[in-house]
Amino acid sequence: MNEGTGGPRGWGLDSLAVGDRLRLLQFVRRDEAGGYLWVLRGIDRLRSRHRVQVGVDEVASVLRELSEGYEEAPRLEGVLLRERLDSLAADGLLHRHDDVSRAGSLAGYRNRQSVYQFSELGYRAYTLVEELLGAQVHDVNLSRLAFSDVLEDLRALARANRSGDGRQVLRRLSRLDEAVKDMGRRSARFHVTLGEIVSMTDASPELFLRYKNALLAHMRDFMDDLDRYLPRLDQAVREVEESGVYTMLTRAAEADERPLLEAGARMADWEQRWRGLRSWFVAGTDGRSGVTELHSATRTAVSAVIALLRQLSEAGRSGVNRASELRHLASWLVRAPDEDAAHALATAAFNLSSARHLGGAYDDEERIDEGTRWWDSPGVEIALTPFRTGRPAGPGAPQPVRADTGARAELRRRQVAERAAERAAARALADDGPVGRELGEDETRVLLRLLTKALEARTVISGRLSSGTGADDIVVLRLRPAETGDIVRIPGGTLHLPGFALEIETLERTRG
């Protein structure tokens, strides 16, 4: 953006820089800003009487008039009033001219018979300040009635462009431009004010509840009108475009009577205004327009208002809200018997606590002298639980069982393989017998397990050992008394069974 005006320039009159324009508001920062403002109000009153250029005596006279109706209006005359007028002229709000024709004498001429008048930007700065001082937040609205006027102006604009009526085109375009600006200004003010109300209702819920029905009804009516007019406004804008946008802008620029703007500048100005107007009612490439954004913002505002009403209703039913809590806490603090009790109450209310110094037993008690300060003592490792909670550490919650399906499947596979090998070894023992050959590892393991069961089951009768039997789900082993006994070769040695012979057969054969 150019530092000057950011808009079209005509003959260099809008070439004041931003700093020069901000200097126009310098009078509000002076020590007696109110006195300067009343001087400007006096000049504005004279302006309304078509007194464009005014002298010091005229300003003093109108200030006397104002002081009769307003107690705060000062009466300034003479040198003080001239100084203030000169200061306002130095700020750029006023233009000062020397009117030689008003000098009735040489002394009068030497006293500078100056006259003053508002500069154009100075008058705008003054009206802005007055608008700010007189602004009232409760007079904002969304102006739903503007939709019907905008629709009528769009249709009239299309008819005027088709008939070649340039003055009518300019008049309708100007009305539409003002309507769109007013609509944007009203919607912005409404939503900003609504946001401020929502943020401050904790302090004044009664004020909000008093106007809740009117506020919700206003927003609902606005959205209903917006939904009803939006398609028709879109169609009306397209009818204007079908009548010829370039022709319409050319006719508006030709009928424009601003003398200080060149024809090209007027054309560019109206083209920019039409683009802004069109973007309000016709969706762009992103599917959004000014009206749809206003619709979305209003819907969000309705949700915020309803949420706020719910919050206020709940607070009203319970009778307790943040403000009441703080008031009660403040009264308790004031009625605290002493300062320590007040500190304890504030600590409990705001969950405050002082630094805790933990101590714990150490295995080597003589390692740290009892006379050593805690600051100089080495640290002691403690569990995290007493550090956080002040309670001794417990066994803790049971840990969840981890289902390692892969490991379980591998173990299952190994178990099945070992069982199959044992079954094969047992069948081999039953078929080939344990004697007369060297047994394998699996056969030896099966034989020793069955032999252990048979030895544990044998009994002593009349001082002599009787037979014993050991079995599993495949085979059965029997120890029978024998004079010579059996000898079994196993891996890494020989197994002697003196006085016993081995018989191994399958259970199927035994049952058969």
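Residue indices begin at 1 and follow the sequence shown.
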Exercise: identify the closest heavy-atom pair between [X] and [Y]:
X: Arg232; Y: Arg155; value: CD-NH2, 4.2 Å
X: Val240; Y: Leu154; value: CG2-O, 3.3 Å
X: Trp270; Y: Leu249; value: O-CD2, 3.6 Å
X: Asp486; Y: Leu502; value: OD2-N, 2.7 Å
X: Ala425; Y: Glu443; value: CB-N, 3.6 Å
X: Ser148; Y: Tyr229; value: CB-OH, 3.5 Å

Could you give the distance from [atom1] ([X]) to [atom2] ([Y]), rounded to the nearest 0.5 Å?
X: Glu131; Y: Leu128; atom1: CD; atom2: CG; answer: 6.5 Å
X: Asp177; Y: Trp274; atom1: CG; atom2: CH2; answer: 11.5 Å
X: Thr127; Y: Leu132; atom1: OG1; atom2: CG; answer: 11.5 Å
X: Arg335; Y: Leu345; atom1: CZ; atom2: CG; answer: 10.5 Å
X: Trp280; Y: Asp234; atom1: CH2; atom2: CG; answer: 15.0 Å
X: Leu226; Y: Asp221; atom1: CG; atom2: CG; answer: 12.5 Å

Should [X] and [Y] count as side-chain neighbours, where that means a heavy-atom distance under 4.5 Å?
X: Arg408; Y: Leu411; result: no
X: Phe500; Y: Arg478; result: no
X: Phe281; Y: Thr292; result: no
X: Leu495; Y: Leu448; result: yes
X: Leu233; Y: Val150; result: yes
X: Arg489; Y: Leu439; result: no
X: Leu429; Y: Leu477; result: no
X: Leu451; Y: Leu479; result: yes

Is any side-chain N of the basic residue among Arg427 and Asp431 closer than 4.0 Å to the acidic one's carboxylate O?
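Here Arg427 does not pair with Asp431 in a salt bridge, since their nearest N and O are not under 4.0 Å apart.
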Is there a side chain to side chain contact (heavy atoms under 4.5 Å, CB included) between Phe190 and His218 once you walk through the steps?
CA-CA 11 Å; Phe190 182 83; His218 177 71; 4.0 Å; yes
Tell me, with the steps shown, if Asp149 and Leu176 meet side chain to side chain contact (heavy atoms under 4.5 Å, CB included).
CA-CA 9 Å; Asp149 297 337; Leu176 287 169; over 6 Å; no
Test log, rule salt bridge (Lys or Arg N to Asp or Glu O under 4.0 Å), inputs Arg238 and Glu242
CA-CA 6 Å; Arg238 299 187 186 280; Glu242 292 173 357; over 6 Å; no
Is a side-chain N or O of [X] found less than 3.5 angstrom from the main chain of [Y], in a donor-acceptor match?
X: Thr247; Y: Gly244; answer: no
X: Asp256; Y: Arg266; answer: no
X: Asp442; Y: Glu422; answer: no
X: Arg172; Y: Leu157; answer: no
X: Arg251; Y: Asn161; answer: yes
X: Asp472; Y: Val475; answer: yes
X: Ser187; Y: Met183; answer: yes
X: Lys453; Y: Thr469; answer: no

Give the C-alpha distance, both sets of side-chain angles, the deciding distance and a yes or no for salt bridge (Lys or Arg N to Asp or Glu O under 4.0 Å) between Asp224 and Arg228.
CA-CA 6 Å; Asp224 293 341; Arg228 185 168 66 253; over 6 Å; no
How about [X]: does its [atom1] atom have over 12 heavy atoms from other parts shown lying under 6.0 Å from it?
X: Glu441; atom1: CD; value: no
X: Arg437; atom1: CZ; value: yes
X: Arg175; atom1: CZ; value: no

Could you go through Glu418 and Arg414, starting from their C-alpha distance and side-chain angles, then the distance that decides it, and tell me whether this counts as salt bridge (Lys or Arg N to Asp or Glu O under 4.0 Å)?
CA-CA 6 Å; Glu418 291 176 357; Arg414 293 179 184 179; over 6 Å; no
Could you check Asp473 against Arg423 for side chain to side chain contact (heavy atoms under 4.5 Å, CB included), going step by step and ending with a plain yes or no?
CA-CA 9 Å; Asp473 58 338; Arg423 288 175 180 269; 3.2 Å; yes
Could you check Gln415 against Arg412 for side chain to side chain contact (heavy atoms under 4.5 Å, CB included), going step by step and ending with a plain yes or no?
CA-CA 5 Å; Gln415 184 182 21; Arg412 179 62 179 169; 3.3 Å; yes
